[in-house]
Amino acid sequence: MLNQSFRQSQEQSLRPLTTAHLAQTMSLLLLSRQELKQKVESEISTNPALEVVDMNKCPSCSRPLIGNTPCSVCRRNGDNVDDTPIIFISSRSDFVGSSSNSQSADDISPDEITPAREDLHSYVLRQAAPDLETQDIPIAAHILSSLDDDGLLSVPIVEIAQYHHVPISRIEKVNELIKRCEPVGVGSTSPLEALLVQTDVLSETNYVPPLASRAITEGMELLSRHSYTELGRLLSISTDDALEIARFISENLNPYPARSHWGNIRDGRASKQDYQSPDVIISILNHPKQNLVVEIISPYTGRLRINQLFRDAIREAPSENAEKWQADLEKASLLIKCLQQRNNTLVRLMHLLVEIQHDFILQGDIHLVPITRASLADKLNVHESTISRAVSGKMLQLPNKSLIPMSKLFDRSLRIRAEMINIILEEIKPLNDSQIADILNERGFSIARRTVAKYRAIEGILASRMRRSMHSSNPE
DNA sequence: CTATGGCACGGATT
DNA sequence: AATCCGTGCCATAG
């Protein structure tokens, strides 16, 4: 059912109606998630015709909702609230790119599409549900809907306890359970707590350096300052061991569960772009056949729609403001259409991309197939600039949790660079640039010697002379 | 003398 | 129209 409405909206939005529409769609497409969030928020606050319905709260009584089921308290009016929305923009919109051989966006068979639009809340709830007492489920739902963007609990536990009139310990019990769900650490009250939970859970299946949790509780300060010697002293271990712990933490843990992995930390510098959140998330669907799920992240949760009351008010009680209101109404509806189209374009684009770059996404740089924005534009029957805008500035999260700029999928030379790295890694005796160039040419990549040098520079690889026998430096 | 890095130019891409 | 990228030529470091 969602598929159908989705497809309908796709077709109907294919032809822009006005130039204004077109222009706005274009500009929206350019915006990344955060920018769009600002834009939408400002629009909402200035335009009374727009309203946002939080999907995680019951529309009428604003109690936390569980998944898609209507609020149990006021189910009767809960339902008819739903029949008037102009548009439904989910916080994520999902679909599946099949692994190999579905050719065009149009012939995906229905069962390959994940039917539910699932956001973090329901995702986690589904995991937790089997372990929960039935009467605890509302509590879990409440906790989940109180998460902030980072997946941390933004409301004091006491408050939740009061709301439900149950002892704090019970809330904590539920929360313990939630924290152990994927992404591990959700629902923690602080980044620190999230780290601890993750360490704990990880230690059940993997090797965790001893004292890691103590390092977190007691040495967080030192960790963030990268004073490993001091950390070592604090825990009375060697600096090397302290370093190992630090590396373990930065590689395996994430203080903000809902965010992606905090980037490649090279030499301890975790700052800069790392705290960006992705615009699109690609993950692997576990149980069925390893399909890739693409989720376009919307900057806000809930439905954005025309305020029905506002519309009625205009119709029934015309006043001297009617003109202005009418204009607002039109602006609102335009915005919604444009947002819809933005989303739609992204979805279509990602679908194609995931198909083409399937191997790259799963197996890394070497499998990137070189494509140009233009070629995609051709396949999607849109203008190149549309693709350009859609790609620029967007971040993508891969199944392995790494965050990459979307433009990486269009990197012409990445493929060859990866190959080059392999060559350099494999060789025992350092090769000079022209030798590398020769090997690459033999393998079918015709590039010049000078270019090898350039690539080396990009990858931060030293000149052949300088790299006698050093390793363990550049995983990227 | 050889291997590299710098500068700059032309073609492709956006 | 602006930008990016591969490449050639040349100066320089080793």
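Note that this is a predicted model, so its numbers are computed, not measured. Proteins come first, then strands; the chains are lettered A, B, ... in the order of their sequence lines, and each starts at number 1. Side chains are part of it too, since the values below use all heavy atoms of this structure and drop only hydrogens, waters and symmetry mates.
A donor-acceptor pair is defined here as one N or O able to donate and one able to accept, closer than 3.5 Å; no such pair exists between the side chain of A/Gln357 and the backbone of A/Leu368.
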- Reading nucleotides 7-14 of chain B 5' to 3', which nucleotides get B (base under 4.0 Å from a protein heavy atom), which S (sugar-phosphate only), which -? BB----SB
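At a threshold of 4.0 angstrom between heavy atoms, the contacts of A/Ser434 with the nucleic acid are absent. Using a 4.0 Å heavy-atom criterion, one finds that A/Ser407 contacts no nucleic acid atom at all. A/Ile447 comes within 4.0 angstrom of sugar-phosphate atoms only, judged by non-hydrogen atoms across all strands, and of no base.
Taking every nucleotide of DNA chain C with any atom under 4.0 Å from a non-hydrogen atom of chain A, the first and last of them, 5' to 3', are C/dC5 to C/dC9.
If you find the closest nucleotide of DNA chain C to A/Ile458 and to A/Arg449, the one lying nearer the 5' end belongs to A/Ile458.
Under the salt bridge (Lys or Arg N to Asp or Glu O under 4.0 Å) criterion, A/Lys39 pairs with A/Glu43, not counting sequence neighbours. For the salt bridge (Lys or Arg N to Asp or Glu O under 4.0 Å) test, residues two or more places apart in sequence or in another chain that qualify with A/Asp411 are A/Arg417. The side-chain hydrogen bond (donor to acceptor under 3.5 Å, both in side chains) test applied to A/Asp328 returns A/Lys324, not counting sequence neighbours. With sequence neighbours excluded, the residues satisfying side chain to side chain contact (heavy atoms under 4.5 Å, CB included) with A/Ala215 are A/Leu231, A/Leu235, A/Ile245. With sequence neighbours left out, A/Arg389 forms a salt bridge (Lys or Arg N to Asp or Glu O under 4.0 Å) with no residue at all. The side chain to side chain contact (heavy atoms under 4.5 Å, CB included) search around A/Ser434 returns A/Asn432, A/Arg449, not counting sequence neighbours. Legend: residues meeting salt bridge (Lys or Arg N to Asp or Glu O under 4.0 Å) with A/Glu244, ordered by chain and number and at least two apart, are absent.
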